[in-house]
Amino acid sequence: MLIAGNWKMNGGVALLDELAAIAAKAADTPQVDVAIFPPFTLIAPAVAQAGTVIIGGQDCHQVAAGAYTGSTSASMLVDAGATQVLCGHSERRAGFGETNQMVRAKAETALAAGLHVVICVGENRADRDNRRAGHVVGAQLDGSVPPSGTAETMVVAYEPAWAIGSGRTPTAAEISGMHDLIRAKLIQILGEDGACVRILYGGSVSPANAAEILGIPDVDGALVGGASLTAADFVPIITAAANVSQ
Ligand code: PGA
């Protein structure tokens, strides 16, 4: 199991107090991998006190270096101590025009820099209402999964955009059905290795629903936004993962 927290554009150094409490829990729960994706400004100080918590970036540029004002390269993340990066979060796809092609390029650049990648996919509300969710997610995987990714270096996060920050989640059957589809697609793209890539669910995961969601077959962990901002909410999600892992 991997429980990952995406802090998005939130927090200053004071938020590292929450990381300290999360790191204490992670040290006590070695059967669960725990990751935090803080804003860029907090990566280096977060690494300094992360203990066993994996620290990652929320994005990187698809080009290795150069005249891209305001951007952060994969090797800069490595330099700051990060070991992972999110690629193609739905807020990047919807708000910053990231295409599948860009997401794949970012992932390839990140892998080449030595980072592990979390490829995010997920349909919007209209796609689900029009029964196009499977088609959309399949096309996102076809377009954005880097062929050089492996089960060791890559994780896929299924995050329906309509479930993010909304307090609404798909049913267990919907999550299970989509994870099955993602698994089949990963095997198609990567061959045997696709059977072992971890698939996370993300979108309004909370202490209240974590046990149920993490208990769904082929859910290998969670990508958590709002509930990762406090140890009070995030630690019970790690506990739920530990209980499922037993
Ligand atoms: P949420 O965000 O848990 O606040 O819904 C999840 C995400 O965007 O990764």
Side-chain angles (χ1 to χ4, degrees), residues 1-11 15 18-19 22 32-40 42-43 46 53-60 77 82 84-98 103 106-107 110 116-125 127-128 133 136-137 140-141 144 154-172 174-175 178-179 182 198-216 219-241:
M1 282 272 167
L2 168 62
I3 301 299
N6 172 11
W7 283 359
K8 308 192 179 183
M9 197 174 72
N10 294 293
L15 200 55
E18 301 298 327
L19 176 61
I22 292 165
V32 178
D33 292 329
V34 177
I36 291 288
F37 294 83
F40 293 139
L42 292 182
I43 288 176
V53 176
I54 297 157
I55 300 295
Q58 297 170 15
D59 179 41
C60 67
L77 294 180
Q84 300 205 357
V85 64
L86 302 180
C87 297
H89 188 280
S90 67
E91 287 153 15
R92 301 290 317 171
R93 291 178 185 266
F96 296 86
E98 291 192 7
V103 175
K106 285 172 185 239
H116 289 188
V117 296
V118 181
I119 308 293
C120 304
V121 296
E123 81 284 0
N124 62 30
R125 185 73 244 179
D127 297 328
R128 180 150 288 273
V136 167
V137 169
Q140 287 175 334
L141 290 166
S144 49
M154 180 172 68
V155 171
V156 169
Y158 167 55
E159 298 202 298
W162 54 272
I164 292 177
S166 67
R168 294 157 64 210
T169 55
T171 64
E174 286 168 338
I175 294 174
M178 189 62 84
H179 278 232
I182 292 170
R198 277 169 161 173
I199 306 174
L200 312 184
Y201 168 78
S204 294
V205 175
S206 70
N209 62 22
E212 189 199 350
I213 290 173
L214 295 170
I216 298 169
V219 171
D220 303 313
L223 181 52
V224 184
S228 70
L229 288 169
T230 63
D233 280 339
F234 199 56
V235 163
I237 298 173
I238 300 171
T239 303

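All values below come from the heavy atoms of this structure, side chains included, with hydrogens, waters and symmetry mates left out. Remember, it's 1-based here, ligands and their atoms both numbered in the order they're listed.
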Is a side-chain N or O of [X] found less than 3.5 angstrom from the main chain of [Y], in a donor-acceptor match?
X	Y	result
Tyr201	Gly203	yes
Lys106	Cys87	no
Asn209	Ser204	yes

For ligand 1, run through the N/O pairs with the protein that fall under 3.5 Å and put one pair on each line.
{"residue": "ligand 1", "atom": "2 (O)", "partner": "Lys8", "partner atom": "NZ", "Å": "3.3"}
{"residue": "ligand 1", "atom": "2 (O)", "partner": "Gly225", "partner atom": "N", "Å": "3.4"}
{"residue": "ligand 1", "atom": "3 (O)", "partner": "Ser204", "partner atom": "N", "Å": "3.4"}
{"residue": "ligand 1", "atom": "3 (O)", "partner": "Gly225", "partner atom": "N", "Å": "2.8"}
{"residue": "ligand 1", "atom": "4 (O)", "partner": "Gly226", "partner atom": "N", "Å": "2.8"}
{"residue": "ligand 1", "atom": "5 (O)", "partner": "Gly165", "partner atom": "N", "Å": "2.6"}
{"residue": "ligand 1", "atom": "5 (O)", "partner": "Ser204", "partner atom": "N", "Å": "2.7"}
{"residue": "ligand 1", "atom": "8 (O)", "partner": "Lys8", "partner atom": "NZ", "Å": "2.7"}
{"residue": "ligand 1", "atom": "8 (O)", "partner": "His89", "partner atom": "NE2", "Å": "2.7"}
{"residue": "ligand 1", "atom": "9 (O)", "partner": "His89", "partner atom": "NE2", "Å": "3.3"}
{"residue": "ligand 1", "atom": "9 (O)", "partner": "Glu159", "partner atom": "OE1", "Å": "3.3"}
{"residue": "ligand 1", "atom": "9 (O)", "partner": "Glu159", "partner atom": "OE2", "Å": "2.7"}

In sequence, state the C-alpha distance, the side-chain angles, and the governing distance for Glu98 and Arg93, and then conclude on salt bridge (Lys or Arg N to Asp or Glu O under 4.0 Å). CA-CA 4 Å; Glu98 291 192 7; Arg93 291 178 185 266; over 6 Å; no
Gln58-Trp7 side chain donor-acceptor pair, cut-off 3.5 Å: no
Any donor-acceptor pair under 3.5 Å linking the side-chain atoms of Gln140 with those of Tyr158? no
